[in-house]
Engineer: 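Right, I'll just put the structure down here and ask away after.
We use all heavy atoms of the structure for the numbers below, so side chains are in, but hydrogens, waters and symmetry mates are not.
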Amino acid sequence: QVHLVESGGGLVQAGGSLRLSCAASERTFGSYNVGWFRQAPGKEREFVAGITWDGDGAFYADYMEGRFTISRDNAKNTVYLQMNSPKPEDTAVYYCVADQILVRVGVEPEFWGQGTQVTVSS
């Protein structure tokens, strides 16, 4: 079991930058593969990015086009999503997720945070 708490969401202008954080209290966090999903109003939830338990492997949705970067600090039990040059279509609730399997497209992770709203203005 792992409990995930996101922070860092808010309003950002298109072309700006924003960093989301996700913290876990459990010491076992470092053994989980983690990532981010998002859900925009009226749309299905979709994969954003994932990273392996040791941080050696990262995976991104094709639409990211290199704009977002996922990273983790296991000493702080935290995973990050650096959002550079966000677009209005990136507006969504962003969810931190964790699982023992790789967090990638097509995976339904076992553990979810409560989500944090990101709104990108044009």
Engineer: Just verifying a value: how many Å separate Q114 CD and C96 SG, rounded to the nearest 0.5 Å?
Structural biologist: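 These two atoms lie 9.0 Å from each other.
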Engineer: Testing the basics here: between L11 and S121, what is the closest heavy-atom pair and its distance to 0.1 Å?
Structural biologist: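 Taking every non-hydrogen atom into account, CD1-CB, 4.1 Å.
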Engineer: Whether R72 and D54 form a salt bridge (side-chain N of Lys/Arg under 4.0 Å from carboxylate O of Asp/Glu) is what I want to check.
Structural biologist: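 No, D54 and R72 are not salt-bridged.
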Engineer: Please tell me if the side chains of W53 and Y32 come closer than 4.5 Å, counting only heavy atoms from C-beta onward.
Structural biologist: no
Engineer: Is a donor on one side and an acceptor on the other found under 3.5 Å between the side chain of N33 and the backbone of G50?
Structural biologist: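 Side chain of N33 to backbone of G50: no pair is present.
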Engineer: Side chains of H3 and V5: closer than 4.5 Å at any heavy-atom pair?
Structural biologist: no
Engineer: Identify the two heavy atoms, one from V103 and one from P109, that lie closest to each other, and give their separation to 0.1 Å.
Structural biologist: CG1-CG, 4.3 Å
Engineer: Let's go through Y80 and R19 carefully: what are the C-alpha distance in whole Å and the side-chain angles of both, what is the deciding distance for side chain to side chain donor-acceptor pair (under 3.5 Å) to 0.1 Å, and is it a yes or a no?
Structural biologist: CA-CA 7 Å; Y80 306 96; R19 189 175 79 161; 4.8 Å; no
Engineer: Hey, is the main chain of T69 close enough, under 3.5 Å, to the side chain of Q82 for a donor-acceptor pair?
Structural biologist: no
Engineer: If you take all heavy atoms of V93 and G115, which pair is closest and at what distance?
Structural biologist: CG1-CA, 3.8 Å
Engineer: Without swapping roles, check the side chain of Q39 against the backbone of E46 for a donor-acceptor pair under 3.5 Å.
Structural biologist: no
Engineer: Can you find a heavy atom in the side chain of F59 that is under 4.5 Å from one in the side chain of T52?
Structural biologist: yes
Engineer: To the closest 0.5 Å, what do you measure between CD1 (I51) and CG (L81)?
Structural biologist: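 That separation rounds to 10.5 Å.
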Engineer: Are any side-chain N or O atoms of D73 and backbone N or O atoms of T78, one a donor and one an acceptor, separated by less than 3.5 Å?
Structural biologist: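 Side chain of D73 to backbone of T78: no pair is present.
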Engineer: Got a donor-acceptor contact below 3.5 angstrom from the D99 side chain to the E110 backbone?
Structural biologist: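 Yes, D99 side chain to E110 backbone: donor-acceptor pair under 3.5 Å.
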Engineer: Considering non-hydrogen atoms only, spot the tightest contact between V107 and L102 and give its length.
Structural biologist: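 Nearest heavy atoms, V107 then L102: CG2-O, 3.5 Å.
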Engineer: Taking NZ, NE, NH1 and NH2 as the nitrogens, is one of them in E108 or R45 under 4.0 Å from a carboxylate oxygen of the other?
Structural biologist: yes
Engineer: Considering non-hydrogen atoms only, spot the tightest contact between G16 and P86 and give its length.
Structural biologist: O-CD, 3.0 Å
Engineer: Centroid-to-centroid, F37 to Y95, below 6.0 Å?
Structural biologist: no
Engineer: Is the shortest heavy-atom distance from the side chain of V12 to the side chain of M83 under 4.5 Å?
Structural biologist: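 Side-chain contact under 4.5 Å: no.
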Engineer: For Y60 and F68, work out which heavy atoms get closest and say how close.
Structural biologist: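 For Y60 and F68, the tightest heavy-atom pair comes out as CE2-O, 3.3 Å.
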